[in-house]
2 protein chains.
Amino acid sequence: MRTYKHPKTEDIDLTRVLYALSDPIRIEIVATLARQGTASCAELDAGRPKSSMSHHFRALREAGLIRTTPEGTSHINELRRADIDRRFPGLLKSILKAAESA
Amino acid sequence: MRTYKHPKTEDIDLTRVLYALSDPIRIEIVATLARQGTASCAELDAGRPKSSMSHHFRALREAGLIRTTPEGTSHINELRRADIDRRFPGLLKSILKAAESA
DNA sequence: TCGCTTGTTCGAGTATTATCGAACTATCGA
DNA sequence: TCGATAGTTCGATAATACTCGAACAAGCGA
């Protein structure tokens, strides 16, 4: 069973978060997770090869935005909303709201 | 008199804004302008050569975050707070708040 | 165990960005 | 007009990230 590196809540860095969200594919992934709760990588497909998507998931993971948990053959992603809210209260909500109107 | 390109309010793009703010030097510039109101480029010096700073000012300008106005030999920068608030209500405030606690 | 599915990792090529010195532009004051 | 000041632009180099195919790893069902 594969394990992933997820930063601790207190180690989540603002500039890293902003950078991770500065990519259209990645912010769309986050927006989808915010709506749906959880989703496998396949469900979050953005029309790119799996290797490209995996790259983006890693960027989000290492920024502390999502948590990926193996579940059978698929990997479930979830938004680390509570952790991010604790680290940067209100930030995620306003970015998601901005993403809707963008 | 030199003129600068500043995007129109409705053309401000979220991912560009997030990217511009994903650099420690640039988010510090924005935080300083949020506190002080306006400042020349020289006042916002971050210990880097002028050419490097100019590069960062341009990134912020083209993202729509700051407005630069020539004033004599110096150039005054100001945060485009009202414009950004109109385009993405609440976004700037929460990012600046996050930057304080980071 | 074999084959299928899901997703990661690796490697190479490409593109974008950061950094800084040097040259340039524009403005102001003497 | 000369010199000083404030920033920009250019050009080169280095670093970083994106993209994708190919190979790999792990779990599940037959």
Side-chain angles (χ1 to χ4, degrees), chain A residues 1-7 13-30 32-33 36 38-79, chain B residues 1-7 13-30 32-33 36 38-79:
Chain A
M1 166 122 126
R2 187 173 296 280
T3 61
Y4 294 98
K5 262 200 311 187
H6 295 99
D13 177 68
L14 179 62
T15 55
R16 269 179 138 68
V17 166
L18 297 180
Y19 182 80
L21 293 175
S22 72
D23 179 283
I25 291 181
R26 291 196 293 256
I27 201 169
E28 182 54 36
I29 289 172
V30 168
T32 301
L33 288 175
Q36 298 191 4
T38 62
S40 68
C41 297
E43 289 173 306
L44 293 163
D45 175 63
R48 300 297 174 93
K50 287 191 298 180
S51 55
S52 296
M53 292 308 293
S54 191
H55 164 76
H56 290 302
F57 285 123
R58 182 147 76 117
L60 290 170
R61 217 158 35 224
E62 295 185 346
L65 281 161
I66 66 173
R67 186 185 312 282
T68 308
T69 313
E71 186 121 342
T73 57
S74 70
H75 298 197
I76 302 300
N77 298 287
E78 65 175 322
L79 191 55
Chain B
M1 165 125 125
R2 188 173 293 281
T3 61
Y4 294 99
K5 263 199 311 185
H6 296 98
D13 178 68
L14 179 61
T15 56
R16 267 180 139 67
V17 166
L18 297 179
Y19 182 80
L21 293 175
S22 72
D23 180 283
I25 292 180
R26 290 196 293 255
I27 201 169
E28 182 55 36
I29 289 172
V30 168
T32 302
L33 288 176
Q36 298 191 4
T38 62
S40 68
C41 297
E43 288 173 307
L44 292 163
D45 176 64
R48 301 296 173 95
K50 286 191 298 180
S51 54
S52 297
M53 293 306 293
S54 191
H55 163 77
H56 290 302
F57 286 122
R58 181 147 78 115
L60 291 170
R61 216 158 35 225
E62 297 186 344
L65 280 161
I66 66 173
R67 186 185 312 281
T68 308
T69 312
E71 187 122 340
T73 59
S74 70
H75 298 197
I76 302 301
N77 299 286
E78 65 175 323
L79 191 54

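These values consider heavy atoms only, across backbone and side chains, with no hydrogens, waters or symmetry-generated copies. What you see is a predicted model, and the numbers here were worked out from it, not measured in a lab. Chain letters run A, B, ... following the sequence lines, proteins first, then strands; residues in each count from 1.
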If you compare all heavy atoms of [X] against all heavy atoms of [Y], which two are closest, and at what distance to 0.1 Å?
X     : Y     : result
A/L33 : A/N77 : CD2-O, 3.4 Å
B/A20 : B/R26 : O-NE, 2.7 Å
A/A63 : A/V17 : O-CG2, 3.7 Å
A/L60 : A/L21 : CD2-CD2, 4.5 Å

Measure [atom1]/[X] against [atom2]/[N] and give the value in whole Å, please.
X     : N      : atom1 : atom2 : answer
B/I76 : C/dA26 : CD1   : P     : 19 Å
A/H55 : C/dT9  : NE2   : P     : 13 Å
A/I29 : C/dG7  : CD1   : P     : 12 Å
B/Y4  : C/dT25 : OH    : P     : 15 Å
A/E71 : C/dG7  : CD    : P     : 11 Å
A/N77 : C/dT6  : CG    : C1'   : 12 Å
B/I66 : D/dG7  : CD1   : P     : 12 Å
B/R58 : C/dT16 : CZ    : C1'   : 13 Å

Exercise. Do the two ring centres, one from B/F57 and one from B/H75, sit under 6.0 Å apart?
Worked result: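 No.
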Problem set entry | Student check: side-chain heavy atoms of A/E43 and A/T32 closer than 4.5 Å |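 Counting from C-beta outward, A/E43 and A/T32 never come under 4.5 Å.
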Exercise. Is it true that atom CZ of B/R58 has more than 12 heavy atoms of other residues, nucleotides or ligands lying nearer than 6.0 Å?
Worked result: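 Not buried by this count: 12 neighbours or fewer within 6.0 Å.
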For this session: Would you indicate whether A/R16, at its atom CZ, is surrounded by more than 12 heavy atoms from other residues, nucleotides or ligands within a distance under 6.0 Å?
Result: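 Atom CZ in A/R16 is not packed in, count stays at 12 or less.
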Exercise. Are A/Y19 and C/dT16 close enough that a side-chain N or O sits under 4.0 Å from OP1 or OP2?
Worked result: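 False: A/Y19 side-chain N/O out of range (4.0 Å or more) of C/dT16 OP1/OP2.
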For this session: Tell me whether the OP1 or OP2 atom of C/dT17 has a side-chain N or O from B/R16 closer than 4.0 Å.
Result: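 Indeed not, no polar side-chain atom of B/R16 lies that close.
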Within the structure shown, what part of the strands sits under 4.0 Å from [X] by heavy-atom distance: base, sugar-phosphate, or nothing?
X     : value
A/S52 : base
B/H56 : sugar-phosphate
A/S54 : base

Problem set entry | Selection from C/dT8, D/dG7, D/dC18 that lies nearest to any side-chain heavy atom of A/D23 |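 Of the options given, the side chain of A/D23 lies nearest D/dC18.
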Problem set entry | Proximity to the side chain of B/C41 - top-ranked nucleotide from D/dT8, C/dG7, D/dC18 |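 The answer is D/dT8.
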Exercise. Once the angle between the rings of B/Y19 and A/Y19 is folded into 0 to 90°, is it parallel (under 30°), tilted (30 to 60°) or perpendicular (over 60°)?
Worked result: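 The rings of B/Y19 and A/Y19 sit tilted, inter-plane angle from 30° to 60°.
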Exercise. Yes or no on side chain to side chain contact (heavy atoms under 4.5 Å, CB included) for B/I25 and B/M53, after CA distance, side-chain angles and deciding distance?
Worked result: CA-CA 9 Å; B/I25 292 180; B/M53 293 306 293; 4.3 Å; yes
Exercise. Closer to the 5' end of DNA chain D via nearest nucleotide, is it A/R48 or A/T73?
Worked result: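 The residue closer to the strand's 5' end, by nearest nucleotide, is A/R48.
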Exercise. Does B/M53 or A/R26 map to a spot on DNA chain D nearer the 5' end, using the closest nucleotide for each?
Worked result: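 On the 5' side of the pair lies B/M53.
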Check nucleotides 12-14 of chain C for protein N or O atoms closer than 3.5 Å to its own N or O atoms and list the pairs.
none

For this session: Would you kindly compare A/S51 and A/S74 by the position of their nearest DNA chain C nucleotide and give the one closer to the 5′ end?
Result: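 So the residue in question is A/S74.
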Exercise. Using rotation axes that map the C1' atoms of four end pairs onto the next four (five pairs an end), what angle separates the end axes of the helix from C/dT1-D/dA30 to C/dA30-D/dT1, to 10°?
Worked result: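 Inter-axis angle at the termini of the helix from C/dT1-D/dA30 to C/dA30-D/dT1: 20°.
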